[in-house]
Each structure stands twice: as structure tokens, then as C-alpha cells.
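One is the number of the first residue; the rest follow in order along the sequence.
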Amino acid sequence: MKRIATFIALAALIGLSSACNVEPEAIRYGTDNCHSCKMTLMDKRFGAEVVTAKGKIYKFDDVNCLMSFVNSPEVTSRDMKYTLVTDFSQPEKLIDATIAFYVKSPEIKSPMASQVAAFETEEAYKQHKKELNGIYLTWGELTAQFK
């Protein structure tokens with residue numbers, strides 16, 4: 001009887017720990033829709049995702065849709081466990097939005113016309129900044145610009 005109780009307690013503990021494991025998921029281009037504008041995510045160089053502490057996942061097709069959500073009362077910054085953007089130079093790869101390097105340029109044809117591309121590394125950002133003739137933005141500048 002003691003073994004059965006131990007087994008049930010262990011199974012419950014494993015179940016609880018897996019339920020608390022909140023992780024981002026890959027964007028399914030051609031299938032997932034933007035939470036803000038409802039368009040289907042198609043361009044693998046653009047995209048964003050917010051994962052809440054409770055595990056709810058919101059996906060976006062462009063930085064301006066992400067910013068609209070971040071600046072809305074729908075969730076607070078404390079509720080967001082992950083805020084991610086797609087690396088322009090590595091399509092489909094999600095990176096931490098708060099430490100990404102951003103370039104804004106009219107040459108960037110993003111899905112909802114934000115004209116912003118995100119990069120994981122400073123090297124990639126510098127390479128594309130020259131090609132795109134854009135300006136550098138930090139996460140703070142980006143959030144302020146889209147308020």
C-alpha cells in the first residue's frame with residue numbers, strides 16, 4: 001500500500017512539474033495567424049512570439065503587431081515569460097527580443113510595414129545595416145517608437 005501511495009505521489013509531482021514547464025514553440029509559417037492583425041504568418045524572416053508565465057502563446061507577423069500587443073492592457077510585462085522575434089538573417093529562428101539588434105529602413109518590406117528587422121548578433125546587424133541603409137534601434141527605442 002505504501003508503494004502505491006509513493007507511486008501516485010511521484011506521478012502527481014511529475015505531472016505538476018511538466019504542467020509548469022513553459023517554453024516557446026516554433027512559428028508554423030503558412031498556418032499560424034497573427035494575434036493582432038489575424039493575417040497568416042508567411043515570411044520566415046519576420047515574426048514574433050510572446051509566451052506568458054501561464055504558458056499562453058501569442059504569435060505576431062511583424063514587430064508593430066508585437067508592439068501593439070506589448071503596449072496593450074491584454075498582458076503586463078510581469079506576465080510575459082518570453083518575448084521573442086525572428087532573426088532576419090536566420091529565418092524562423094526565434095531570439096530574445098529584449099537583447100536583439102534592430103534595423104529600421106524603408107528597404108525592409110515587412111508584412112505589416114513596420115520596416116524593422118531583428119538580428120541576434122551585432123555582426124549580422126552591422127552587415128545588414130549597410131545593405132539596408134537603415135538606422136539602429138534598441139528594444140527600448142523600438143517600444144517607445146511604437147507607443
Peer 1: Begin from the C-alpha positions of Gln115 and Lys109 and carry the test side chain to side chain donor-acceptor pair (under 3.5 Å) through to its verdict.
Peer 2: CA-CA 6 Å; Gln115 303 177 334; Lys109 307 299 180 201; over 6 Å; no
Peer 1: Around Glu123, counting heavy atoms of other residues, nucleotides and ligands shown, do more than 12 lie under 6.0 Å from its CD?
Peer 2: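 Atom CD in Glu123 is not crowded, with 12 or fewer foreign heavy atoms closer than 6.0 Å.
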Peer 1: Using the ring centroid of each side chain, check whether Phe88 and Phe119 are separated by less than 6.0 Å.
Peer 2: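 Yes, they do, as the ring centres are separated by less than 6.0 Å.
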Peer 1: Are Glu23 and Lys81 within salt-bridge range, i.e. N to O under 4.0 Å?
Peer 2: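 Salt bridge between Glu23 and Lys81, a charged N being under 4.0 Å from a carboxylate O: no.
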Peer 1: Given Leu66 and Phe146, is the side chain to side chain contact (heavy atoms under 4.5 Å, CB included) satisfied, shown in steps?
Peer 2: CA-CA 10 Å; Leu66 169 66; Phe146 284 97; over 6 Å; no
Peer 1: When the ring centroid of Tyr136 is compared with that of Tyr102, is the distance short of 6.0 Å?
Peer 2: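 No, the ring centres sit 6.0 Å or more apart.
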Peer 1: Treat each ILVMFWY residue as a node, draw an edge where side-chain heavy atoms are under 4.5 Å apart, and state whether Ile95 and Val70 are in one component.
Peer 2: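 Yes, it is one cluster - the side chains of Ile95 and Val70 are joined through contacts under 4.5 Å.
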Peer 1: If we ignore hydrogens and angles and just use 3.5 Å, is the side chain of Ser68 paired with the main-chain N or O of Asn64 as donor and acceptor?
Peer 2: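 Flag not set: sc Ser68 to bb Asn64 has no pair under 3.5 Å.
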Peer 1: Which ILVMFWY residues can you reach from Met39 by hopping between side chains whose heavy atoms are under 4.5 Å apart?
Peer 2: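 Once heavy-atom contacts under 4.5 Å are chained together, Met39 belongs with Met112.
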Peer 1: When rounded to the nearest 0.5 angstrom, what is the spacing between CG in Asn133 and NE2 in His128?
Peer 2: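 One gets 14.0 Å once the value is rounded to the nearest 0.5 Å.
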Peer 1: Answer yes or no: is there a side-chain heavy-atom contact under 4.5 Å between Val103 and Leu137?
Peer 2: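 The answer is no; the side chains never approach within 4.5 Å.
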Peer 1: How long is the span from the NZ atom in Lys129 to the OG atom in Ser105, to the nearest 0.5 Å?
Peer 2: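 Answer for the NZ-OG pair, Lys129 versus Ser105, is 10.5 Å.
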Peer 1: Grouping I, L, V, M, F, W and Y whenever their side-chain heavy atoms are under 4.5 Å apart, do Ile135 and Met67 come out in a common cluster?
Peer 2: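 Both belong to a single hydrophobic cluster.
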Peer 1: I'd like to know whether Lys59 forms a side chain to side chain contact (heavy atoms under 4.5 Å, CB included) with His35, so could you lay out the CA-CA distance, the side-chain angles of the two residues, the decisive distance to 0.1 Å, and finally the verdict.
Peer 2: CA-CA 6 Å; Lys59 296 179 182 179; His35 178 74; over 6 Å; no
Peer 1: Do Leu142 and Ile108 belong together in a cluster built from hydrophobic side chains that touch within less than 4.5 Å?
Peer 2: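 No, it is not one cluster - the side chains of Leu142 and Ile108 are not joined through contacts under 4.5 Å.
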Peer 1: Determine whether Phe69 and Glu74 make a side-chain contact, defined as any pair of heavy atoms from C-beta on separated by less than 4.5 Å.
Peer 2: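 Answer yes - side chains close enough.
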Peer 1: Flag the pair Val63 / Ser110 as yes when at least one side-chain heavy-atom distance between them is below 4.5 Å, and no otherwise.
Peer 2: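 Side chain of Val63 against side chain of Ser110, heavy atoms only: no contact under 4.5 Å found.
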Peer 1: Does Lys93 come within less than 4.0 Å of Asp87, counting only side-chain N to carboxylate O?
Peer 2: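 So Lys93 does not pair with Asp87 through a salt bridge.
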Peer 1: Search all heavy atoms of Pro24 against all heavy atoms of Leu84 and return the closest pair with its distance.
Peer 2: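 Shortest heavy-atom separation between Pro24 and Leu84 comes out as CB-CD1, 3.4 Å.
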Peer 1: Go through the steps for Cys37 and Phe60 under the test side chain to side chain contact (heavy atoms under 4.5 Å, CB included), then give the verdict.
Peer 2: CA-CA 8 Å; Cys37 71; Phe60 308 93; over 6 Å; no
Peer 1: Starting at CD1 of Ile99, measure out to OG1 of Thr121 and round the result to the nearest 0.5 Å.
Peer 2: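 It is 11.0 Å, given to the nearest 0.5 Å.
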Peer 1: Excluding sequence neighbours, so at least two apart, what forms salt bridge (Lys or Arg N to Asp or Glu O under 4.0 Å) with Asp43?
Peer 2: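 Asp43 satisfies salt bridge (Lys or Arg N to Asp or Glu O under 4.0 Å) with Arg45 once adjacent residues are dropped.
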Peer 1: Could you grab the distance from atom NZ of Lys56 to atom CG of Asp79, nearest 0.5 Å is fine?
Peer 2: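 That separation rounds to 12.5 Å.
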Peer 1: For the residue pair Leu41 and Phe46, establish whether any side-chain heavy-atom pair is separated by less than 4.5 Å.
Peer 2: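 Not touching, per the 4.5 Å side-chain cut-off.
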Peer 1: Are Ile57 and Tyr82 close enough that some pair of their side-chain heavy atoms sits under 4.5 Å apart?
Peer 2: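 No, side chains not in contact.
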Peer 1: Identify which one of Asn33, Asp61, Asp32 satisfies the side chain to side chain donor-acceptor pair (under 3.5 Å) criterion when paired with Thr40.
Peer 2: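 Considering Asn33, Asp61, Asp32, a side chain to side chain donor-acceptor pair (under 3.5 Å) with Thr40 is found only for Asn33.
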Peer 1: Can you get from Val50 to Tyr29 by hopping between Ile, Leu, Val, Met, Phe, Trp and Tyr side chains that sit under 4.5 Å apart?
Peer 2: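 Val50 and Tyr29: separate clusters.
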Peer 1: Does Lys147 have more than 12 heavy atoms from other residues, nucleotides or ligands lying within 6.0 Å of its NZ?
Peer 2: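 Result for NZ/Lys147: open.
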Peer 1: Using the side chain to side chain contact (heavy atoms under 4.5 Å, CB included) rule, take Met80 and Val75 through it: C-alpha gap first, then chi angles, then the decisive distance, then the call.
Peer 2: CA-CA 7 Å; Met80 293 184 243; Val75 294; 3.8 Å; yes
Peer 1: Considering only heavy atoms from C-beta outward, does the side chain of Glu107 approach that of Glu131 to under 4.5 Å?
Peer 2: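 No, their side chains stay 4.5 Å or more apart.
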Peer 1: Does Leu94 reach the side chain of Ile27, with side-chain heavy atoms less than 4.5 Å apart?
Peer 2: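 Yes, their side chains come closer than 4.5 Å.
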